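Below you'll find the structure, written out as structure tokens, and then a few comments.
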Amino acid sequence: MEALVAKGVTKRYTNHTALDDVSLTIPSKSIYGLLGPNGAGKTTFIRIVNQIINADQGDISIFGEKLESKHIGTIGYLPEERGLYKKLKVGEQLLYLAQLKGLSKKEALERSKKWITKFEIKDWWDKKVEDLSKGMAQKVQFISTVMHEPKLIILDEPFSGFDPVNAQLITENILELRDNGSTIIFSTHRMETVEDLCDHVALINKSKKIVEGTKKQIKDTYKSNTFVVEHKGAFSVNGAASIVSQKSLEDNFYQTVLKGESIQSPNQLIAELIKLTEVHSFVEKVPTMSEIFISLVKGKTDE
Amino acid sequence: MNKIWLIIQREFLNRVQKKSFLVATILVPLIFPAIIGGMVWFMVKESESAKAAVVHVLDQSGKFVFEDTKKFDFVIETEGLDAAKEKYNKTKDFALLYIPNFEISKPEGFVIYTKENPSIEKIGDLEGVLQDRIRDLKLEQYNIDKATLAGLKTKVDLKQVNITETGEEKSSNSGILYALGFILGILIYMFVLIYGIQIMQGVIDEKTSKIVEVIVSSVKPFQLMMGKIIGIASVGLLQFTIWILIITFVSSSVLGYFGLKMPQQQMQEQMMNQMDAEQKEEVQAMQNDKVGELMGNLSQIPFAKIAFVFIFFFLGGYLLYGALFAAVGSAVDSIQESQQFQFPITLPLLVGYMGLFLVILRDPHGPMSFWLSIIPLTSPVAMVGRIAFGVPTWELILSMVLLVAGFIFTTWVAGRIYRVGILMSGTKVNYKVLAKWFMIKN
């Protein structure tokens, strides 16, 4: 079943369109990267899913049901602009936020105790947030996002401002939550995150969805059939592939970049090469998400 | 609904658990009386211990006989004005009074020379001394003795009686009503302003600490706004109740402990001491009557009704302005920025407050008073100030209905601005932007 299906979601403001006919399909138990430059409309989309604002047009369904206010407890949301009540104690804060998400006081107490034990921050229960360091506050913030065990977790730029230790801790917990059955949406323009964690990706630019699919599918779509070969003995090709560059290494070794426009499969190219030279390594050059992202966004801008 | 309740609780506890709440709640009812009491004490002390001011007198008319009083010691000068001035200048004394030769029927040309600007009070006292003497001289001239004059003095007290439409008679006392209207009006004004600003502060805090987006992903912005407004209102009611209890308890126990009497009684006693025995009896009898009448008047004032109206208009006015303050808080990023929007909100409140002093307490049934106590923006202060004077039931009901309609309207308008404003930071906000936010579809 799909965790979230958006169909033709559109949101217009007086002077601009924030989202233009955006349709997304987010599979259950996936880690879904929602990419796009600043101002592309990611936050608008997320706010619509969180029912902070309403779409002008389009439908959203969550786990097969039409999105309604009862689903608030199903979603955990960590906004990009995040914060806590400074004057409130950590314990009170967690209880309050969890109860607003629909937990009973008893449940909220149990869960928050469990999480602060897990994050080794038990001693902070009676500390005010303003007395915590930034890293400590981030842990509390993360707990408040996932404490009600949401089936859909939306993290807007989750690693911005996190120190590497905390980022690691958060990453581990995100994966654990996914393994326990939650679906995770990352909104980010940090490509490392996408490359490391996401299995599904959508790119939004200028209020429109440009591409969507699994990371593999997208990379396949945008790969340029380029191969890097290390071999002994120089060669030249004609026909199926062309040489992009060739540089000599020591002992008659060369590294050659080949572009195969019309080849059916890498095997076909290897077969050709074996006849010409002694192949020591053969790697298909797959574009990084970052490269795809930049080329798509730039391409669109140039139009 | 459940979530609003959670927010109300949170907002309430956040404030009540603060030390500053405890301090303000306990100290305010103690500090204000202490300050007022202290000032009165010093004033009394000073007037008791004050030295008499030395006044040099050059009386060229020879009509005056100066005897030292509590306030003034007189030094009689006999030489010319210039010599007197010279002599006065060498001293540190208060003043030099010059009395020329004058006609009793036309007392003119009196001059007072001083080194500093004297207080009105002292000048008045000196004038009193002169006037008394001249009056005595005139009495002599007309062959009237003082006893006859005293017999001429008459005091008339109008007993105020209101006749209702049914012919029932109720005595009343404008003084008490004035004081009551004055105090209640100021209380409402202060409460609405103080707690309104607390709402605004709370909204700004949520906005600047960025918690607000987390919250509105759980509750509707409107719920958050209403929860905050109601939560703070309950803090206000609690604080107010505690103040009343403390003031009542402290004032009664302190007065009881020192065996003191209420100020009016003290004043009466002082007056009595200054009179001779014969007058005393007369006055005593009259005063017993007066006290009885006063008590009667107090019992005639419908306190239950006034209390109800006070609470209704307090809540109504608070909700009306509270929503507007919430909207302002949502639009800005800091308290400093809020000034430009605060002014137009506090203006009508101020109009009601000024109206209370300038119009309502002087002419509680005039057309201005009527309109001020009907229009929802000014009615909370105005109607409460006016209610003790007796307001026709239809006016009261109309005012209440309009107030309810008013706060529903302002809450609706404020809610529309609020839901957009809380998510907008770093925007330069003016009225055009606010209007745009108001129009945005949800």
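Excluded from the calculations below are hydrogen atoms, water molecules and symmetry mates; all remaining heavy atoms, backbone and side chain alike, are included. Model, not experiment: these values are computed from the prediction. Within every chain, numbering begins at 1; the chains are lettered A, B, ... in the order of the sequence lines, protein sequences first and strands thereafter.
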I need the contact set between residues 151-158 of chain A and chain B: heavy-atom distance under 4.5 Å, sorted by residue number.
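Checking residues 151-158 of chain A against chain B gives no residue, so none.
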**Message:** A side-chain contact here means heavy atoms from C-beta on lying under 4.5 Å apart; do A:Y85 and B:I215 qualify?
**Reply:**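 Side chain of A:Y85 against side chain of B:I215, heavy atoms only: contact under 4.5 Å found.
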[X] [atom1]: over 12 foreign heavy atoms closer than 6.0 Å:
X      : atom1 : result
B:Y431 : OH    : yes
A:E120 : CD    : no
A:K122 : NZ    : no

Please classify the contact of [X] with chain B as side chain, backbone, both or neither, using a heavy-atom distance under 4.5 Å.
X      : value
A:Q141 : side chain
A:R47  : side chain
A:K87  : neither
A:L78  : neither

| request: Residue by residue, scan residues 187-202 of chain B and write down, ordered by number, those that have a heavy-atom distance under 4.5 Å to chain A; if none do, write 'none'. | output: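 None at all.
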(request) Taking heavy atoms only and a threshold strictly under 4.5 Å, list by residue number the residues of residues 317-330 of chain B that touch chain A; give 'none' if the list is empty. (result)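 So far as heavy atoms go, nothing in residues 317-330 of chain B approaches chain A to under 4.5 Å.
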Separation of [Y] [atom2] from [X] [atom1] (nearest 0.5 Å):
X      : Y     : atom1 : atom2 : answer
B:S218 : A:Q99 : OG    : CD    : 11.5 Å
A:K105 : B:L6  : NZ    : CG    : 9.5 Å
B:E213 : A:T43 : CD    : OG1   : 7.5 Å

Can you give me the closest heavy-atom contact between [X] and [Y], atom names plus distance?
X      : Y      : result
A:I52  : B:L423 : CG2-CD1, 3.3 Å
A:G83  : B:I211 : O-CD1, 3.1 Å
A:K101 : B:S217 : NZ-O, 3.4 Å

Partners of A:E92 by salt bridge (charged side-chain N to carboxylate O under 4.0 Å, His left out), sequence neighbours excluded?
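Only B:R10 meet the salt bridge (charged side-chain N to carboxylate O under 4.0 Å, His left out) criterion with A:E92.
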Next on the checklist: Under 4.5 Å from any heavy atom of chain A, what part of B:K18 do you find: side chain, backbone, both or neither?
Outcome noted: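 Neither part, no heavy atoms under 4.5 Å.
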task = Select one option (side chain, backbone, both, neither) describing which atoms of B:I7 are under 4.5 Å from chain A's heavy atoms.
result =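 Both the backbone and the side chain of B:I7 come within 4.5 Å of chain A.
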Taking atom types as modelled, is there a side-chain donor on B:Q9 or A:Y96 under 3.5 Å from an acceptor on the other?
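No, no side-chain donor-acceptor contact under 3.5 Å.
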